[in-house]
Engineer: 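One structure, as structure tokens, below. Some questions next.
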Amino acid sequence: MILVTGGAGFIGSNFVLQWLAARDEPVVNLDNLTYAGNLRNLDSVRGDARHIFVRGDIDDPELVAQLLRAHRPRAVLNFAAETHVDRSILGPAEFVRTNIHGTFNLLEAARAYWGGLAGEEQRRFRFLQVSTDEVYGSLSAEEAAFRETTAYAPNSPYAASKAAADHMVRAYHHTYGLPTLTTNCSNNYGPFQFPEKLIPLVIINALAGKPIPVYGDGQNVRDWLYVDDHCSGIRRVLEAAQPGEVYNIGGNSEKNNLEVVRTLCAVLDELRPAPRPYASLIAYVKDRPGHDRRYAIDAGKIRRELGWQPAQNFAGGMRRTVSWYLANTEWSSSVTSGEYQKWMNANYQERGAA
Ligand code: NAD
Ligand code: DAU
């Protein structure tokens with residue numbers, strides 16, 4: 001079996017669902033259910049004996065050691081993290097605790113567990129760190145896309161905390177020989193994404209007739225990848241990569257934010273027509289402090305060495321995503337009450353769009 005952390009979040013839950021659809025190998029899913037974790041994402045595997053959910057913290061040494069002893073996983077995949085850049089700007093402490101210290105704690109537990117394995121079990125074990133392209137910093141319009149050899153230059157507290165974790169993973173391989181793998185992926189979108197991130201926020205605000213907040217001039221560029229493709233990339237790395245390796249995962253889909261927002265509005269106009277075009281809701285608001293201008297991934301290494309490439313293009317992925325949110329309004333309502341409203345006020349009121 002494998003141990004997945006953060007498997008009730010956006011990418012983690014998509015990963016667990018994809019994994020269980022593809023194979024019989026069980027998953028232990030460790031997640032402490034922060035505001036971003038949601039067991040409803042896993043409704044379709046409720047009662048499935050191959051999915052063992054444990055509510056707990058990756059930063060709890062006894063719990064992690066006990067789970068490793070009890071379940072003897074062949075791999076640990078660390079998805080658990082604080083992940084929203086804007087939250088890291090308003091309150092970085094939790095990012096340091098979970099992303100840095102939590103990863104350190106998992107590494108320590110994995111090192112002890114792996115050290116106690118023998119033979120084939122020890123040889124097969126992997127620790128896979130799910131990381132981000134934000135560790136590489138920001139590109140100008142002319143610069144080449146991020147490669148695995150690009151120097152780290154994180155700019156937000158979130159990116160810095162992920163970079164620190166990646167460095168610890170690297171050090172555990174280099175120093176102790178722990179068989180680690182690291183993936184650095186671009187912006188994901190798709191089902192079950194918490195609506196603090198751009199794409200679900202646009203869909204949900206548009207459907208509610210609320211302003212669609214675009215930071216700054218809307219020209220910041222991201223490289224968008226449908227979440228299923230990220231999950232298949234991680235599975236490929238887990239199965240085929242050599243210990244110590246790093247792979248960038250991306251969608252070859254660079255778009256500026258305004259293009260993304262306009263695409264979503266056009267799909268909504270078609271699938272759920274309203275009296276006025278949804279794009280009329282676009283509202284330019286105060287920029288994110290230190291807002292990275294451009295991210296772009298060179299995914300050549302994973303394509304050449306492991307034969308992975310995305311199955312979904314941007315237009316298809318956007319359509320699927322909008323359709324999913326239209327078909328799952330109950331899910332959206334369940335995550336946009338209470339605490340969510342407090343966040344919307346904290347992040348947008350001062351920007352003039354709450
Ligand atoms: P998310 O915020 O949707 O989910 C994070 C999950 O981790 C939640 O279920 C939360 O409850 C859990 N968690 C948080 N702190 C925890 C702790 N201390 N102990 C146990 N569980 C904890 O995040 P996501 O977008 O699914 O991202 C998953 C991973 O992928 C992260 O490591 C992120 O850095 C990375 N990543 C995300 C993107 C993206 O575009 N979303 C892109 C590249 C990499
Ligand atoms: O690049 C990978 C990263 O992508 C992940 O590591 C992060 O976990 C994930 O959150 C994401 O980070 P971004 O900051 O790029 O994602 P976000 O959806 O917050 O913003 C995408 C772009 O849209 C960014 O340029 C900021 C802009 N934006 C965002 C929000 C929430 C707006 O213009 N308006 C908004 O209201």
Side-chain angles (χ1 to χ4, degrees), residues 4-15 29-39 41-42 54-60 63-64 77-89 94-95 97-99 101-103 105-106 129-136 138 146 156 158-159 161-162 165-166 183-190 192-202 205 211-225 227 230-231 234 249-250 255-258 260-261 282-288 291-297 344 347-348 351 353:
V4 163
T5 72
F10 163 48
I11 303 172
S13 61
N14 276 285
F15 181 86
N29 182 351
L30 173 63
D31 194 303
N32 69 348
L33 298 180
T34 67
Y35 76 92
N38 187 350
L39 283 178
N41 301 3
L42 298 158
V54 179
R55 185 171 190 177
D57 202 305
I58 61 164
D59 203 16
D60 178 340
L63 174 63
V64 176
L77 286 83
N78 184 27
F79 292 82
E82 288 293 331
T83 63
H84 190 31
V85 173
D86 293 316
R87 284 188 194 253
S88 84
I89 294 168
E94 197 54 21
F95 288 72
R97 192 190 74 79
T98 283
N99 299 1
H101 205 272
T103 302
N105 184 54
L106 284 178
Q129 172 72 358
V130 180
S131 190
T132 168
D133 60 358
E134 300 205 11
V135 297
Y136 299 122
S138 184
F146 301 131
S156 70
Y158 162 67
S161 68
K162 292 294 289 186
D166 291 4
T183 55
N184 294 89
C185 189
S186 61
N187 285 60
N188 284 215
Y189 65 98
F192 302 119
Q193 187 167 31
F194 192 77
E196 63 188 352
K197 308 282 169 67
L198 180 70
I199 287 180
L201 182 80
V202 168
N205 274 22
I212 297 172
V214 172
Y215 294 168
D217 61 5
Q219 296 303 307
N220 302 68
V221 172
R222 301 292 184 261
D223 178 355
W224 294 95
L225 180 69
V227 63
H230 185 189
C231 296
I234 290 171
I249 304 181
K255 306 281 173 210
N256 69 47
N257 293 338
L258 214 48
V260 172
V261 171
I282 292 173
Y284 291 91
V285 300
K286 196 170 150 197
D287 210 352
R288 172 185 281 175
H291 196 173
D292 283 341
R293 195 63 176 169
R294 173 176 167 242
Y295 304 143
I297 282 276
M344 293 301 279
N347 194 44
Y348 294 99
R351 286 191 155 99

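Counting starts at 1 for both ligands and their atoms, following the listed order. Computed from heavy atoms alone, side chains included, the values below leave out hydrogens, waters and symmetry copies.
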Engineer: Check whether the side chains of T5 and N78 place a donor and an acceptor atom closer than 3.5 Å, and report yes or no.
Structural biologist: yes
Engineer: Side chain, backbone, both or neither: which part of T83 has a heavy atom under 4.0 Å from ligand 2?
Structural biologist: both
Engineer: So which heavy atom in the protein is nearest atom 25 (O) of ligand 2, and how far is it from that ligand atom?
Structural biologist: H291 NE2, 2.7 Å
Engineer: Regarding ligand 2, does N187 bring an N or O atom to under 3.5 Å of one of the ligand's N or O atoms?
Structural biologist: yes
Engineer: Among all the protein's non-hydrogen atoms, which is closest to atom 36 (O) of ligand 2, and how far away is it?
Structural biologist: Y348 OH, 2.5 Å
Engineer: As an exercise, identify every atom of ligand 2 less than 4.0 angstrom from a heavy atom of L201.
Structural biologist: 36 (O)
Engineer: Taking only heavy atoms of the protein into account, state which residues are under 4.0 angstrom from an atom of ligand 1, in chain and number order.
Structural biologist: G6, A8, G9, F10, I11, D31, N32, L33, T34, A36, G37, G56, D57, I58, F79, A80, A81, T83, R97, T98, V130, S131, T132, Y158, K162, C185, S186, N187, N188
Engineer: Would you say R288 and ligand 2 have an N/O pair spaced under 3.5 Å apart?
Structural biologist: yes
Engineer: Check each atom of ligand 2 against the heavy atoms of Y295 and keep those under 4.0 Å away; list them by number with element.
Structural biologist: 1 (O)
Engineer: Do me a favour and list the nearest non-hydrogen protein atom to atom 5 (C) of ligand 2 with residue, atom name and distance?
Structural biologist: Y158 OH, 3.6 Å
Engineer: To which protein heavy atom is atom 3 (C) of ligand 2 closest, and what is the distance rounded to 0.1 Å?
Structural biologist: E134 OE2, 3.0 Å
Engineer: When you check the gap from the basic side-chain N to the acidic O, do D217 and R293 get nearer than 4.0 Å?
Structural biologist: yes
Engineer: Which distance, rounded to the nearest 0.5 Å, do you find between the CG of N99 and the CD1 of I58?
Structural biologist: 7.0 Å
Engineer: As an exercise, state the distance from CG of D57 to CG of L63, rounded to the nearest 0.5 Å.
Structural biologist: 8.5 Å
Engineer: Do me a favour and list the nearest non-hydrogen protein atom to atom 27 (C) of ligand 2 with residue, atom name and distance?
Structural biologist: N257 ND2, 3.4 Å
Engineer: Pull out every atom of ligand 2 sitting under 4.0 Å from any heavy atom of H84, numbered as shown with elements.
Structural biologist: 19 (O)
Engineer: Apply ring pair (Phe, Tyr, Trp, His ring centres under 6.0 Å) to Y136 and list each qualifying residue two or more places apart in sequence or on a separate chain.
Structural biologist: F146, Y152
Engineer: Strictly by modelled atom types, are N14 and N188 linked by a side-chain donor-acceptor pair under 3.5 Å?
Structural biologist: no
Engineer: If only atom types and distance count, is the side chain of D31 paired as donor or acceptor with the main-chain N or O of A8 below 3.5 Å?
Structural biologist: yes
Engineer: Measure the distance from atom 1 (O) of ligand 2 to every protein heavy atom, then report the residue, atom name and distance (to 0.1 Å) of the closest one.
Structural biologist: D133 OD1, 2.5 Å
Engineer: Can you check which of A81, P213, S156 brings a heavy atom nearest to atom 34 (N) of ligand 2?
Structural biologist: P213
Engineer: Say whether V214, considering both its backbone and side-chain N or O atoms, lies within less than 3.5 Å of an N or O atom on ligand 2.
Structural biologist: no
Engineer: Polar contacts were defined as any N/O atom of the residue lying under 3.5 Å from an N/O atom of the ligand; does this apply to S186 and ligand 2?
Structural biologist: no
Engineer: Does E196 come within less than 4.0 angstrom of ligand 2, counting non-hydrogen atoms of the residue?
Structural biologist: yes
Engineer: Has ligand 2 got any nitrogen or oxygen that is less than 3.5 angstrom from a nitrogen or oxygen of C185?
Structural biologist: no
Engineer: Under 3.5 Å, side chain of S88 to main-chain N/O of Y158, donor-acceptor pair present?
Structural biologist: yes
Engineer: Does the plane of the ring in F15 sit parallel, tilted or perpendicular to the ring in F79? Use 30° and 60° as the thresholds.
Structural biologist: tilted
Engineer: If we only count heavy atoms from C-beta on, is the D86 to E196 side-chain gap below 4.5 Å?
Structural biologist: no
Engineer: With nothing but distance in play, are any N or O atoms of T132 less than 3.5 Å from an N or O of ligand 2?
Structural biologist: yes
Engineer: Can you tell me if N184 uses its side chain to pair, donor with acceptor, with the backbone of T132 under 3.5 Å?
Structural biologist: yes
Engineer: Do I11 and V130 pass the side chain to side chain contact (heavy atoms under 4.5 Å, CB included) test, and can you show the C-alpha distance, the side-chain angles, and the key distance before you say yes or no?
Structural biologist: CA-CA 10 Å; I11 303 172; V130 180; 5.5 Å; no
Engineer: Looking at F95, is its backbone amide N or carbonyl O close enough to the side chain of T98 to form a donor-acceptor pair, meaning the two atoms are under 3.5 Å apart?
Structural biologist: no
Engineer: Of all the non-hydrogen atoms in the protein, which one sits nearest to atom 33 (O) of ligand 2, and at what distance?
Structural biologist: Y215 N, 2.8 Å
Engineer: Does NZ or CZ of R87 lie under 6.0 Å from the centre of the six-membered ring of Y35, at an angle within 45° of the ring axis?
Structural biologist: yes
Engineer: Of all the atoms in ligand 2, which lie at a distance below 4.0 Å from a heavy atom belonging to N220?
Structural biologist: 25 (O)
Engineer: Identify whether the distance between the nearest side-chain nitrogen and carboxylate oxygen of K162 and E134 falls below 4.0 Å.
Structural biologist: no
Engineer: Spell out, as yes or no, whether a donor-acceptor pair under 3.5 Å connects the side chain of N205 to the backbone of P211.
Structural biologist: yes
Engineer: Which option out of D287, L198, V285, I282 puts a heavy atom nearest to atom 18 (O) of ligand 2?
Structural biologist: L198
Engineer: Out of all atoms in ligand 2, which are within 4.0 Å of some heavy atom of V85? Include the element for each.
Structural biologist: 14 (O)
Engineer: Using the rule given for side chain to side chain contact (heavy atoms under 4.5 Å, CB included), can you reason through N29 versus L42, listing the C-alpha separation, both sets of side-chain angles and the distance that settles it, and then say yes or no?
Structural biologist: CA-CA 11 Å; N29 182 351; L42 298 158; 3.5 Å; yes
Engineer: Under a 4.0 angstrom heavy-atom cut-off, which atoms of ligand 2 come close to K197?
Structural biologist: 10 (O), 18 (O)
